[in-house]
Amino acid sequence: MTTSTEPVQGVGHAIRSRFPIFEHTTYANSCSQGALSVDVRQAYEAYLEGWDAHGAEWEHWVERAEAARAAFARLVAADPDEVAVTTSVSQGVSGLVSALPLERGRNRIVISEFEFPTVGQISHAQELRGAEVVHVRPEPDGRIPLERFSGAIDERTALVCCTAISYRTGYRLDVAEVARLAHERGALCLADSYQAAGAIPLDVRALGVDFLTAGTVKYLLASAGLAFMYVRRDLHERLLPTQTGWFADEDIFRMDISDYSPASTARRFDAGTPPVPNIYAGLAGMGLVESAGVPRIEAHVLGLIERLLTGLDALGATVATPRGAGDHGPLVCVASTEPHALVEALQAERIVTSSRDANLRISLHLYNVEEDVDRILDALARHRALLA
Ligand SMILES: Cc1ncc(COP(=O)(O)O)c(C=O)c1O
């Protein structure tokens, strides 16, 4: 077992020993929660030790929050002052929509049917402010053709919300094209990239999005309670969130309660006291992802997914995830007659997966290896009756 926090360059066997769960379990559920590494455990311990040794280490803790902002910025090829540090995607997106005027004539929010409840429910909450929400539905094959977005976005659209990789089906959307369609009609575009960050390369400028958000729970290998939101630089001064907090102020330490004067950067979408313990964990998790390298992680995982898909075909399973080149990332969904029973049957064999709708979800990450895929396929063969 590795116990040091030396940087690791590799994927697969080179990094696996940093994740103790693999000593006894085949973990294939990174779409719900990344596996715990020794690095993240040590980061929590460092937080506790610092607190114990020095009491309130506020200067250091605020510096750690800035380090996390910079780490996420590197991950999505943004500048740190274009990134807000939030406690959840919900917090960032709520702040964002609170800053949209939603004026008469431009009051629509277009959302894809694959949005996580976060984005879907926050969008519908804006109906109380006069918004209209338009849903973009997928085809039966699990793809959302761009024409569907094109048909839904018009000059009444204020914001288009799309999800880079669907948590429900594993479908990978062409976010750049959706952003282009939004801009053609004068709308802004938000990409919820929670299921993509750490798994596939993300470059906010190449994608052309106005906002991109993700948290650290899944492929960023850390804990609940930390997320980020990229906000395109030229929008900072134009957007005034009414859902805010004192860490979003232009001068936090002035502690002035006589007016609202938010930071001139994306920090205006921060809110209250930063989630310090989760920031320690987030830095460790993002550090592992960064040192392995996202392009290398993606290539490694796509190789494993190919092996998985070949095995699923041999079993005659129905794969719900679109499987063309570029149509999927690290998550494969397999139709099941009883998904909960199947998850439990696999759990009993120490294989961790999850389910959504009528599908089993198998998601792979940098620490998975071919033996994991083969174990999963062998188990599915034993439980073939639970596959649709
Ligand atoms: C695509 C996606 N968006 C958002 C979330 C979570 O959002 P929040 O940070 O608000 O809990 C998840 C998973 O938890 C997700 O899979």
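Each ligand, and each atom within it, is numbered from 1 in the order the structure gives.
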Check: So, the side chain of Arg172 versus the backbone of Ile165: is there a donor-acceptor pair under 3.5 Å, distance only?
Finding: no
Item checked: For ligand 1, the portion of Thr118 having any non-hydrogen atom under 4.0 Å away -> side chain
Check: Taking side chain as C-beta onward, heavy atoms only, is Val334 less than 4.5 Å from Leu387?
Finding: yes
Checklist line | Minimum-distance protein heavy atom relative to atom 9 (O) of ligand 1 | finding: Val89 N, 2.8 Å
Margin query: If I apply the N/O under 3.5 Å rule, does Phe116 come out as touching ligand 1?
Written below: no
Margin query: What I want to know is whether Tyr167 and ligand 1 share at least one N or O pair that is separated by under 3.5 angstrom.
Written below: no
Margin query: Check contact between Lys218 and ligand 1, using heavy atoms of the residue and a distance below 4.0 angstrom.
Written below: yes
Check: Is the ring centre of Phe22 less than 6.0 Å from the ring centre of Tyr367?
Finding: yes
Margin query: Please determine whether salt bridge (charged side-chain N to carboxylate O under 4.0 Å, His left out) holds for the pair Arg69 and Asp81, giving the CA-CA distance in whole Å, both sets of side-chain angles, and the decisive distance to 0.1 Å.
Written below: CA-CA 8 Å; Arg69 193 188 308 277; Asp81 68 351; over 6 Å; no
Check: Does a donor on one side chain sit under 3.5 Å from an acceptor on the other, for Ser32 and Arg361?
Finding: yes
Note to self: Checking a contact table here: which protein heavy atom is nearest atom 10 (O) of ligand 1, and how many Å away?
What the structure shows: Ser90 OG, 2.5 Å
Next item on the list: Note the single closest protein heavy atom to atom 3 (N) of ligand 1, along with its residue, its atom name and the distance in Å.
Entry: Asp192 OD2, 2.6 Å
Margin query: For Gly225, is there any backbone N or O sitting under 3.5 Å from a side-chain donor or acceptor partner on Asn278?
Written below: yes
Item checked: Which atom of Ala176 lies closest to which atom of Ala206, heavy atoms considered -> CB-O, 4.1 Å
Notebook entry, point to check: Any N or O of Tyr194 that comes nearer than 3.5 Å to an N or O of ligand 1?
Noted result: no
Checklist line | Closest protein heavy atom (residue, atom, distance) for atom 16 (O) of ligand 1 | finding: Gln195 NE2, 2.8 Å
